[in-house]
Structure formats: structure tokens, C-alpha cells
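Here's the structure we're looking at; comments come further down.
Note that the coordinates shown come from a computational prediction; the quantities given were computed from them, not determined experimentally. Note: hydrogens, waters and symmetry copies are ignored here, and every other heavy atom, side chains too, is used.
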Amino acid sequence: MHNVVRELRAQRGLSQGALGELLGVSRQTVNAIETGKYDPSLPLAIRLARLFARSVEEVFLIDGPPQ
């Protein structure tokens, strides 16, 4: 599943570690989500979306990258 977490994090000027602290996960988890190696649980996906004031569907794109 494609996601725009890296782009949203960069727009906020957050490091992976800082985002992990805000979400209560490790920097490695943030990296794995950004690189598509890990799909977060629904509660974590919701926390990410709320943090960036987006819907889950705007952050996690089932059909691939935005065109």
C-alpha cells in the first residue's frame, strides 16, 4: 500500500524519530511505514491521519501513488 507519510512528515519538518515519539512508536517503525515494508494497524493509521489533519484515505492510498 502506498502512503504519503514521508511527504507529510517533511512538510512539518519532523524527523522520523520525532514523528515516532508523537505516535508512540520507534523511528524504525516510521521508516518501515514510509518505505512500504510495514502497514500500520488501524489505530496507528488513524493517529497518523489525525496528526496530519487528513483522512486515512488521504494518507494511505490503496490504488497506488497519486497521479
Side-chain angles (χ1 to χ4, degrees):
M1 177 174 3
H2 179 77
N3 68 73
V4 294
V5 174
R6 177 172 285 154
E7 293 86 350
L8 294 171
R9 176 180 61 77
Q11 288 173 8
R12 288 272 183 104
L14 295 169
S15 67
Q16 288 180 341
L19 179 56
E21 285 183 27
L22 290 171
L23 296 170
V25 301
S26 69
R27 180 202 60 79
Q28 291 86 351
T29 298
V30 173
N31 180 270
I33 292 169
E34 288 184 355
T35 59
K37 295 178 182 169
Y38 173 72
D39 290 332
S41 65
L42 183 56
L44 179 54
I46 291 169
R47 286 198 315 266
L48 268 162
R50 285 182 179 167
L51 179 72
F52 294 120
R54 305 287 171 100
S55 70
V56 171
E57 293 86 358
E58 290 175 304
V59 178
F60 297 95
L61 312 167
I62 295 172
D63 296 330
Q67 306 272 333

_So, using side chain to side chain donor-acceptor pair (under 3.5 Å) as the criterion, who are the partners of Arg27 when residues are at least two apart?_
Gln16
*How close do Leu61 and Met1 get, heavy atom to heavy atom, and via which atoms?*
O-CG, 3.8 Å
_side chain to side chain donor-acceptor pair (under 3.5 Å) against Glu58, all qualifying residues, sequence neighbours excluded_ = Ser55
_Phe60 versus Ile33, closest heavy-atom pair with distance_ = CE2-CG2, 4.1 Å
_Partners passing side chain to side chain contact (heavy atoms under 4.5 Å, CB included) against Ile46 (at least two apart in sequence or in another chain)_ = Leu42, Arg50, Val56
*Could you grab the distance from atom OG1 of Thr29 to atom CG of Leu19, nearest 0.5 Å is fine?*
10.5 Å
*Is it true that a side-chain atom of Arg9 and a backbone atom of Val30 form a donor plus acceptor pair closer than 3.5 Å?*
no
*Check side chain to side chain donor-acceptor pair (under 3.5 Å) between Arg6 and all other residues, then give those that pass, not counting sequence neighbours.*
Glu34
*Who passes side chain to side chain contact (heavy atoms under 4.5 Å, CB included) against Ala18, sequence neighbours left out?*
Leu14, Ser15
*When rounded to the nearest 0.5 angstrom, what is the spacing between CG in Leu8 and CG in Leu48?*
9.0 Å
*Starting at CD of Glu7, measure out to CZ of Phe52 and round the result to the nearest 0.5 Å.*
10.5 Å
